[in-house]
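Given the structure is predicted, the values throughout are model-derived calculations rather than measurements. Naming: A, B, ... by sequence-line order, numbering from 1 per chain.
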There are 2 protein chains.
Amino acid sequence: MPKAAITISDVAKASGVSKSAVSYALNGKPGVSDETRAKVLAVARDMGWKPNSAAKSLSDARTRSVGVVLLVDDADSFGAGMFTMDCLAGLSKALDPREYSIVLRMTAGGAAAACHIHEDWIASGKVDAHLILGVELGDPRLTLFRNHPETKALFISQRAVTSGLPTLYSADDEGARMVVRHLHELGHRDIARIAGPEEYVHTLARDNATADECAKLGMHCTTLHGRYMAEDGERLCGSILEFGQRPTAIICDTDVTAIAAMRAAAARGISVPDDLSIVAWDDSPSCLSATPTVTALHRDVKAIGRTAGDMLLRMIDGETVGAEPEPPYRLIERDSTGPANVA
Amino acid sequence: MPKAAITISDVAKASGVSKSAVSYALNGKPGVSDETRAKVLAVARDMGWKPNSAAKSLSDARTRSVGVVLLVDDADSFGAGMFTMDCLAGLSKALDPREYSIVLRMTAGGAAAACHIHEDWIASGKVDAHLILGVELGDPRLTLFRNHPETKALFISQRAVTSGLPTLYSADDEGARMVVRHLHELGHRDIARIAGPEEYVHTLARDNATADECAKLGMHCTTLHGRYMAEDGERLCGSILEFGQRPTAIICDTDVTAIAAMRAAAARGISVPDDLSIVAWDDSPSCLSATPTVTALHRDVKAIGRTAGDMLLRMIDGETVGAEPEPPYRLIERDSTGPANVA
DNA sequence: CTGAAAGCGCTTACAG
DNA sequence: CTGAAAGCGCTTACAG
């Protein structure tokens, strides 16, 4: 069984034609008679021939792969975990039919380390295109790809951050407005938000949109920032509930903080959703298994990955790609939100 | 900035020597004077030269990448998610210093589809080695790699499944015994287990080891099988609590079912850990945020990935690799287990 | 120590 | 329609 790798020359010999004839036949190009072509194809199949990937890449300058560098944080391997996984699944799905693979690297060295890997890939021609996630303001990867406009690179990011670069931008703005409007309809006028760290650009995007929509609707919103951890959620929720005027609803930027906030409320005898409504920004299975179940902003992460893959393929095909929006959020109403109870 | 890819010939021209001299210099091989070498290195660095990856691969028959095919299940994108992610992170960490990348594909087509991808990779020389996860009994990938002993492939699996093939085998056996002994020390004699689906080989491994250790220690264990879902955990726990002699402890094969089981117990007024101890097989953040916190078997998944990476590199270097154990489980005692309360 | 040459496996103008 | 040739960018014996 384990025959040494068979080449186009072997096929040529076996079918009694020249190497070039084999190449033409195999690639469906003109230059061979139908008869020859059929024979070559049959022989190639029988011998189990596949084009050598390195040789093909060298000769046609295509690697048939897109590069992704993941930033891993030793602490929170959890936060980004599922998003990344689903996103890769979607990407893979888009790439699959074209026989493109993902070349994956992970680094704990942050944006700078990721940037070096991309540089290497550019210089070595390791990938046909780059996908960049988790960009921050002043990220060196922005500069890198601005300086290499000939390199095909797509960012999944906020619109404001990557301006001028091909981007699949998030719908955080719309999401924020959606939540605020939902709470407004339920009669809430005084709300709070347990937001993520201010370093994240999407946090700022949400901050802005939330504030803007609240202003439009005449609502008041207090925003506190913290990490995406249960303890932060509990602590911030405590602050919100104990100081000043208590809001009737809280928006939490993540499922973890939302569930932590519910616990903090329960600990104080505050009932959700009767006394307090809670909305989680990221939907997840834990939103479903919590008591009560948590109303959440849901987005189809696989679809985001798939869209990214499609955009990358278009770039590889030579098309110019600009900024395109990701699929919209959907608000999934569950049991943690209800009419405002203004005591 | 965006200079067209620069090649070894450019460097040769710029430093006034031949291409071969450049190659020797760049690869630290003898054949050039120290002076020439230094000059070439300087020029190459200045020009930002990197070896073209396809050319290098073609010439030395090494792709500097290992291939991984992930089986994605449209339904449960969650279950395997974090394990896979952490495992990849560990793998990447091992591969990084050698400048190896992961070539990643994901498929919803199960083992058969994955098998085809591996076949393609073998024929096209796309990767230097393969890593295979989530193998089941009768998996076509076992046959494929048995028929291709010259291909470097490592399985992360159960020892029994892959016999003869290079394998990083799991410590499920030891894990099971560890939990049983822990419960025995706490005085439990009559226990139950909410296990995973019987299709999974690791389920059987756990079944066997649990039964064996119980027998040794004179303990009784009832085992029920179900999916890794909250509803299954609740249902099975209900069955266990309501029929026959109620056990004093339950081992759940996953964090999800453990937490569901705790809920089922609470719903029946059974207190954890006073009336019933609960152990989760897989540790996770939710074990920490549950009330009470859940005693769990914890394994260092990144270390598993890293070990796999090291083994793969050794295989790539020509070493023969057999079956090696993964790092052992650790039992993390939290608040969901306590002394047996034999009413 | 150094250069010219052949080869890795494929593709693609270029003559027959 | 078909074959011989050159080239993709690198490595590596092989003569000077």
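- Mapping B:T36 and A:K50 onto DNA chain C by nearest heavy atom places B:T36 at the nucleotide closer to the 5' end.
- A heavy-atom distance below 4.5 Å is found between the side chains of A:S23 and A:I8.
- Looking at A:F145 and A:I132, their side chains come closer than 4.5 Å, going by heavy atoms from C-beta outward.
- Using a 4.0 Å heavy-atom distance criterion, B:S57 is classed as making no nucleic acid contact.
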Dot-bracket for DNA chain D: what is it, with Watson-Crick or G-U pairs under 3.5 Å, [ ] where a pair crosses earlier ones, and | for a pair to another strand? |||.||||||||.|||
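- First and last contacting nucleotides of DNA chain C toward chain B (any atom under 4.0 angstrom from a heavy atom, 5' to 3' order): C:dC1 to C:dG9.
- Using a 4.0 Å heavy-atom cutoff across all strands shown, B:D60 reaches no nucleic acid atom at all.
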Evaluate the criterion side chain to side chain contact (heavy atoms under 4.5 Å, CB included) for residue pair B:F155 and B:L168; output intermediate values, then yes/no. CA-CA 6 Å; B:F155 288 80; B:L168 178 59; over 6 Å; no
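- B:L165 is listed as a side-chain neighbour of B:R146, based on a closest heavy-atom distance under 4.5 Å.
- Side chain of A:S92 to backbone of A:L88: no donor-acceptor contact under 3.5 angstrom is found.
- Of all heavy-atom pairs spanning B:E324 and B:V321, the tightest one is OE2-CG1, 4.1 Å.
- Using a 4.0 Å heavy-atom distance criterion, B:S20 is classed as a base contact.
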Stepwise side chain to side chain contact (heavy atoms under 4.5 Å, CB included) test for A:L91 and A:V68: CA-CA 10 Å; A:L91 176 64; A:V68 182; 3.9 Å; yes
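- Looking at heavy-atom distances under 4.0 Å, B:K19 makes contact with a base.
- Using a 4.0 Å heavy-atom criterion, one finds that B:T7 contacts the sugar-phosphate atoms exclusively.
- With contacts defined as side-chain heavy-atom distances shorter than 4.5 Å, the pair B:K152/B:D128 does not qualify.
- Taking the nucleotide of DNA chain C with the nearest heavy atom to each of B:D34 and B:S59, the more 5' of the two is matched to B:D34.
- A salt bridge links B:R98 to B:D317: one of the charged nitrogens lies within less than 4.0 Å of a carboxylate oxygen.
- Residue B:S33 is in sugar-phosphate contact alone, with no base atom involved, counting any heavy-atom pair closer than 4.0 Å across all strands shown.
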